[in-house]
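Each chain gets a letter, A, B and so on, in the order its sequence line appears, and its residues count up from 1. Any value given below was found using the heavy atoms of this structure, including those in side chains, with hydrogens, waters and symmetry copies removed.
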2 protein chains.
Amino acid sequence: MSKAAIPSQLDTTILAETFRLLGDPTRLRILFFCLDEPRSVGDIATSLDLSQSLVSHHLRLLRGARLVRGNRQAKQIFYELADKHVSDMLVDMAHHVCEESGED
Amino acid sequence: MSKAAIPSQLDTTILAETFRLLGDPTRLRILFFCLDEPRSVGDIATSLDLSQSLVSHHLRLLRGARLVRGNRQAKQIFYELADKHVSDMLVDMAHHVCEESGED
DNA sequence: CATACATATGAACAAGTATTTATATGTTTG
DNA sequence: CAAACATATAAATACTTGTTCATATGTATG
C-alpha cells in the first residue's frame, strides 16, 4: 500500500487528457479567475483581456471535461469550477509549483 | 487566507508549462513507470513498447522541466522522479481523477 | 584502439490545436 | 415581435508538438 499504484494505460490517457487541458495558460487563467466565485463569460473576457469568442471556445473544452460548470442567470452565464476536486487540484498544484524552487 | 491566491500571469504560465508536459500519455506512462524505482532508458522503452529515440526525446523535456533526474551507471542511465514534490503531485492527481466519477 | 552497447540529438513529417473573423443562437425588454 | 445584449458555433489560419528515421555521442571491453 505504500507504493503508489501505476494507473492502467487507459487511466493514464484519461489523466493525461485532464493535464493537457490544464496545460494552456489561457485556460488556466480562466480557471483561476473562476476559482473563488462564479464569473460571467463577459467578465472573464474583459478582466483577462481575451476575446469573447476565445473565452467561449475554452469554456467549451473545460465544460466537456467537467472541469467547469455554467449557470444561466438571465442573459449571462456564470461559470465556476465543477466541484471541490477540481479546485483542490488546482490549488495543490499551484502550491507544488510555487514551492518547487530550491529543493533537494 | 482561506481563499486561494490567484497566481500571477507569469506563475500561471509556468504552472501551465508543467501541466502541458504532464498532458501527454506517453510522458505520463514514463513518469509512472519511474515512480517507484529508477529505470534505465532501455528498460523504459522495452517495458512500455516505445522506441528508444522517442523515450529519449521525452526524457529530455522532462529533464528540462526538472521533473525527472538521471544517474549514469556504467553504460546505462537510470531515471527517477526529480523529488518528492513531483511524485506527490502525480499520485495526488491520479487520486483526484480516479475519484472524479460520481460526485456532486 | 576498434567494436559493441546505451543513450542522445537533428531533421523531417504528420497531426493536433490555439486564435481570429464572421455569424448564429438564445434571452430579455420596449 | 423587433431590437439589443450575451454567449455559442463554424470555418480558416498559423503555430505547436509528437513521432519516426537516421546519425552522433558517450562508455565499457576485448
Side-chain angles (χ1 to χ4, degrees), chain A residues 9 12-34 37-82, chain B residues 9 12-34 37-82:
Chain A
Q9 186 159 350
T12 306
T13 303
I14 297 172
L15 184 54
E17 174 66 18
T18 305
F19 277 129
R20 194 182 60 76
L21 284 168
L22 300 178
D24 177 78
T26 305
R27 276 194 293 268
L28 259 192
R29 289 177 64 211
I30 293 176
L31 287 173
F32 276 109
F33 187 65
C34 300
E37 42 174 331
R39 308 276 196 173
S40 75
V41 179
D43 188 9
I44 299 173
T46 302
S47 302
L48 269 43
D49 193 35
L50 304 166
S51 80
Q52 179 268 314
S53 173
L54 183 56
V55 173
S56 225
H57 276 298
H58 283 305
L59 285 174
R60 181 150 79 128
L61 295 176
L62 295 172
R63 240 186 299 137
R66 303 268 169 81
L67 289 172
V68 302
R69 177 179 50 175
N71 290 318
R72 178 142 233 154
Q73 204 127 349
K75 289 189 231 172
Q76 305 180 17
I77 299 180
F78 289 83
Y79 281 90
E80 61 189 330
L81 299 211
Chain B
Q9 185 159 350
T12 307
T13 303
I14 297 173
L15 183 54
E17 174 66 18
T18 305
F19 276 129
R20 194 181 59 78
L21 284 168
L22 300 178
D24 177 78
T26 305
R27 276 194 294 269
L28 261 192
R29 290 177 64 211
I30 293 175
L31 286 172
F32 277 110
F33 188 64
C34 300
E37 42 174 332
R39 307 277 196 173
S40 75
V41 179
D43 189 10
I44 298 172
T46 303
S47 301
L48 268 45
D49 193 34
L50 305 166
S51 79
Q52 178 268 315
S53 172
L54 183 56
V55 173
S56 226
H57 277 296
H58 282 306
L59 285 174
R60 181 149 81 127
L61 295 175
L62 295 172
R63 241 187 298 138
R66 303 267 169 80
L67 289 172
V68 301
R69 178 178 49 175
N71 290 319
R72 177 141 235 154
Q73 205 127 348
K75 289 189 232 173
Q76 304 181 11
I77 300 180
F78 289 83
Y79 282 90
E80 61 189 330
L81 299 210

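Between the CG atom of Leu21(A) and the P atom of dG16(C) there is a distance of 15 Å, rounded to whole Å. As rounded to whole Å, 13 Å separates atom C1' of dA6(D) from atom CG of Leu59(A). The separation between Asp24(B) atom CG and dG18(D) atom C1' is 7 Å, rounded to whole Å. Atom CG in Leu50(A) sits roughly 16 Å away from atom C1' in dA8(D) (whole-Å rounding). One can place CZ of Arg29(A) at 14 Å from C1' of dA18(C), the figure rounded to the nearest angstrom. Following rounding to the nearest Å, Leu54(A) (CG) and dA14(D) (P) show an atom-to-atom distance of 17 Å. When the C1' atom of dC5(C) is taken as reference, atom CG of Asp43(B) falls 16 Å away, rounded to whole Å. At whole-Å resolution of the value, CZ in Arg60(B) and C1' in dA11(C) are 12 Å apart.
Counting only heavy atoms from C-beta outward, the side chains of Phe33(B) and Asp43(B) approach each other to under 4.5 Å. The shortest distance between side-chain heavy atoms of Glu80(B) and Asn71(B) falls below 4.5 Å. A heavy-atom distance below 4.5 Å is found between the side chains of Leu15(A) and Leu28(B). Ser40(A) has its side chain out of reach of Ile77(A): every pair of non-hydrogen atoms, C-beta onward, lies at least 4.5 Å apart. Two residues are said to be in side-chain contact when any heavy atoms from C-beta on lie closer than 4.5 Å; Leu22(B) and Arg20(A) fail this criterion. The shortest distance between side-chain heavy atoms of Arg27(B) and Leu61(B) falls below 4.5 Å.
Across dA18(C), dG18(D), dA6(D), the shortest atom-to-atom separation from the side chain of Arg20(B) is found for dG18(D). Listed candidates were dA6(D), dA11(C), dA8(D). Nearest to the side chain of Tyr79(A) is dA8(D). Comparing dT20(C), dT7(C), dG18(D) against the side chain of Leu61(B) picks out dG18(D) as the nearest. Closest approach to the Ser40(B) side chain among dG10(C), dT7(C), dT19(C) is made by dT7(C) (side chain taken as heavy atoms from C-beta onward). For Gln76(B), counting side-chain heavy atoms from C-beta on, the closest listed nucleotide (dT7(C), dT19(C), dA8(D)) is dT7(C).
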Output one line per pair: protein atom, nucleotide atom from nucleotides 22-28 of chain C, and distance, for all N/O pairs under 3.5 Å.
none

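Residues Ile77(B) and Glu17(A) both approach DNA chain C. Their nearest nucleotides, taken by heavy-atom distance, put Ile77(B) toward the 5′ side.
Note: Arg69(B) CZ to Cys34(B) SG = 12.0 Å, rounded to the nearest 0.5 Å.
The shortest distance between the side-chain N/O atoms of Ser51(A) and the OP1/OP2 oxygens of dT19(C) is not below 4.0 Å. For dA18(C), one of the phosphate oxygens OP1 or OP2 lies less than 4.0 angstrom from a side-chain nitrogen or oxygen of Arg27(A).
Between the side-chain ring of His57(B) and the base of dT9(C), a stacking contact exists by the 5.5 Å and 30° definition.
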